[in-house]
Protein chains: 2
Amino acid sequence: MPRFTHPRLEDVPLDLALHALADPNRLAMVARLAATERLSCAHAAPCESIPKSTLSNHLKLLRAAGLIETTQAGREMINTLRRAEFDQRFPGLLDAVLANRPA
Amino acid sequence: MPRFTHPRLEDVPLDLALHALADPNRLAMVARLAATERLSCAHAAPCESIPKSTLSNHLKLLRAAGLIETTQAGREMINTLRRAEFDQRFPGLLDAVLANRPA
DNA sequence: GATAATAGTTCAATAATCCCGAACTATTAA
DNA sequence: TTAATAGTTCGGGATTATTGAACTATTATC
């Protein structure tokens with residue numbers, strides 16, 4: 001099973017971070033993680049209708065953007081927001097984005 | 001000659017705004033406009049090497065995102081940042097993005 | 001005025017990305 | 001062992017991005 005590689009935040013360019021956030025589904029997942037701390041991939045999904053492979057791809061993108069960390073726990077993958085690190089790298093950015101997210 | 005249509009900011013979804021900003025060239029243009037107030041398309045370009053058609057397309061995207069307004073002045077198109085409107089629609093967002101932009 | 005130059009748009013074709021079903025892997029449950 | 005679960009990876013079709021070439025409108029020059 002894959003052991004994921006997580007980038008150092010200093011290696012994440014702003015563009016990549018913005019791109020990761022510039023999608024309703026991904027942003028919804030980030031918002032959930034911001035509120036919930038730990039979520040399996042399936043539980044992080046914004047809705048049931050989104051296919052597994054698409055979801056997996058979204059989470060991969062969020063990982064590459066330094067937004068989430070994924071660790072294996074049994075047969076689940078547990079995702080957490082790398083909030084402190086992300087906030088240190090891009091001060092105020094995630095707050096501003098989340099604050100402007102539609103309800 | 002085209003008379004551009006500019007969206008009402010309330011009709012601009014967050015995703016579109018973030019997507020518009022999630023590109024180094026477009027973000028550089030926004031930063032220039034934030035500093036310079038009025039720029040023709042060519043002068044808004046972040047570098048010489050970027051082709052005209054690409055530049056035109058970038059500016060179209062920025063318009064669609066409610067970030068810039070383009071008006072014709074002679075044979076130039078003058079672009080200005082719709083900062084007040086954008087800030088009202090997405091409070092703190094543009095500030096946060098610009099503040100985190102690489103130098 | 002005609003001609004050329006300028007500033008940018010639009011079009012069309014190629015390149016790069018995204019999405020998602022199908023097949024696969026690893027772990028737990030029966 | 002067999003089945004179920006949780007997710008990844010792969011491949012191809014659909015979408016989007018990039019850019020050269022042709023075009024349009026405006027100003028400058030002769």
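Below, chain A is the first sequence line, B the second, and so on; all start at residue 1. Everything numeric in this text was worked out from a predicted model, so none of it was measured.
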Output field dot_bracket for DNA chain D (Watson-Crick or G-U, both distances under 3.5 Å, | for other-strand pairs) contains ||||||||||||||||||||||||||||||

Using a 3.5 Å distance criterion without hydrogens, assess whether the side chain of [X] forms a donor-acceptor pair with backbone atoms of [Y].
X	Y	answer
A:H6	A:T70	yes
A:R63	A:I68	no
B:Q72	B:G74	yes

Please write out each protein N/O paired with an N/O of nucleotides 2-5 of chain D under 3.5 Å, distance rounded to 0.1 Å.
| unit_1 | atom_1 | unit_2 | atom_2 | d |
| --- | --- | --- | --- | --- |
| D:dT5 | O4' | A:R75 | NH1 | 3.1 |

| said: Under 4.0 Å, heavy atom to any atom of DNA chain D: which of residues 19-45 of chain A qualify? | reply: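 Going residue by residue through residues 19-45 of chain A, the ones with a heavy atom under 4.0 Å of DNA chain D turn out to be A:S40, A:C41, A:A42.
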
Report the distance from atom CE of A:M77 to atom C1' of D:dT9, rounded to the nearest whole Å.
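So the CE-C1' distance, A:M77 to D:dT9, works out to 12 Å.
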
*B:Q72 CD to D:dA25 P, straight-line distance once rounded to whole Å*: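 Distance, rounded to whole Å: 10 Å.
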
Quick check: closest heavy atoms across A:V12 and A:P7, and the distance to 0.1 Å?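 So the minimum-distance heavy-atom pair works out to CG2-CG, 4.0 Å.
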
For a quick test of reading the model, state the closest non-hydrogen atom pair linking A:P13 to A:D11 and the distance between them.
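The answer is CD-O, 3.3 Å.
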
[atom1]-[atom2] distance between [X] and [Y], expressed to the nearest 0.5 angstrom:
X	Y	atom1	atom2	answer
B:L61	B:L67	CG	CG	10.0 Å
A:E69	A:F4	CD	CZ	11.5 Å
A:S56	A:M77	OG	CE	8.5 Å

**Prompt:** Looking at DNA chain C, which of residues 46-65 of chain A put a heavy atom within less than 4.0 Å of it?
**Reply:**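 Contacting residues: A:P51, A:S53, A:T54, A:H58.
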
Between the protein and nucleotides 12-16 of chain C, list every N/O to N/O distance that falls short of 3.5 Å.
none

Checklist entry - Taking only residues at least two apart or on different chains, which pairs with a member in residues 64-83 of chain A satisfy ring pair (Phe, Tyr, Trp, His ring centres under 6.0 Å)? => result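 Listed by first then second residue: nothing to list.
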
Can you list every ring pair (Phe, Tyr, Trp, His ring centres under 6.0 Å) pair that touches residues 66-103 of chain A, not counting sequence neighbours?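 Counting only pairs at least two positions apart or across chains, the ring pair (Phe, Tyr, Trp, His ring centres under 6.0 Å) contacts touching residues 66-103 of chain A are A:F86-A:F90.
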
**Item:** Under the salt bridge (Lys or Arg N to Asp or Glu O under 4.0 Å) test, residues paired with A:E85 that sit two or more places apart
**Value:**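 A:R82.
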
**Q.** Qualifying side chain to side chain donor-acceptor pair (under 3.5 Å) pairs, either residue in residues 43-53 of chain B, two or more places apart
**A.**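 Qualifying pairs: B:S40-B:H43.
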
Throw together a table of side-chain donor-acceptor distances under 3.5 angstrom for residues 28-39 of chain B, partners on residues two or more places apart or in other chains.
| unit_1 | atom_1 | unit_2 | atom_2 | d |
| --- | --- | --- | --- | --- |
| B:R32 | NH1 | B:A45 | O | 2.6 |
| B:T36 | OG1 | B:R32 | O | 2.5 |

Quiz: residues 15-25 of chain B side-chain donor-acceptor pairs under 3.5 angstrom, not counting sequence neighbours:
| unit_1 | atom_1 | unit_2 | atom_2 | d |
| --- | --- | --- | --- | --- |
| B:D23 | OD1 | B:N25 | N | 2.9 |
| B:D23 | OD1 | B:R26 | N | 2.9 |

Residues 91-103 of chain A side chain polar contacts: donor-acceptor under 3.5 Å, at least two apart:
| unit_1 | atom_1 | unit_2 | atom_2 | d |
| --- | --- | --- | --- | --- |
| A:D95 | OD1 | A:R83 | NH1 | 3.4 |
| A:N100 | ND2 | A:A96 | O | 2.8 |
| A:N100 | ND2 | B:P91 | O | 3.1 |

